[in-house]
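Structure, as structure tokens:
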Amino acid sequence: MRWILRLLGLVILVAVAVVGVLFSIQNNTPVPLDLLVVQLPAVDVSIWLIAALGLGVVLGMLAASLALLRLTAARAGLRRQLTQCERELAKLRHAVPKE
């Protein structure tokens, strides 16, 4: 089953690469980019769009990583609290005289 998932991932990766190449071949009009404070040189439209997509992916992964880090820290705190409560419960169980 694992090899099927890897094969499917490889097929999807190849398909995305082919679509990217076809996209860059079809969109080869040079366009300058004006960012208010700086004007970037004229480069193919496909390059600008692929760069924007790449930047979006990186920023999205960074945002997800920060959220995951926050959740991991909260989970560690809750685990410490659970351990402390379990120790306290064990002490209370041993402190109560048995009937």
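Predicted, not measured: the structure shown is a model, and the values here were computed from it.
Distance CG/Leu49 to CG/Asp44: 10.5 Å, rounded to 0.5 Å. Between the CG atom of Leu13 and the CG atom of Leu8 there is a distance of 11.5 Å, given to the nearest 0.5 Å. Going from atom CD of Glu88 over to atom OG1 of Thr83 covers 13.0 Å, rounded to the nearest 0.5 Å.
A side-chain donor-acceptor contact under 3.5 Å links Trp48 to the backbone of Val31. Panel note: side chain Ser46, backbone Asn27; a donor-acceptor pair is recorded below 3.5 Å.
Residues Val14 and Val11 fall into different hydrophobic clusters, defined by Ile, Leu, Val, Met, Phe, Trp and Tyr side chains chained together at heavy-atom separations under 4.5 Å. Taken together through direct or relayed side-chain contacts under 4.5 Å among Ile, Leu, Val, Met, Phe, Trp and Tyr, Leu53 and Phe23 form parts of separate hydrophobic clusters. Residues Leu69 and Met61 do not share a hydrophobic cluster, defined by chaining ILVMFWY side chains whose heavy atoms lie under 4.5 Å apart.
The nearest pair of heavy atoms linking Leu35 to Leu40 is CD1-CD1, 3.7 Å. Listed here is the closest heavy atom pair of Ile50 and Gly20: CD1-O, 4.5 Å.
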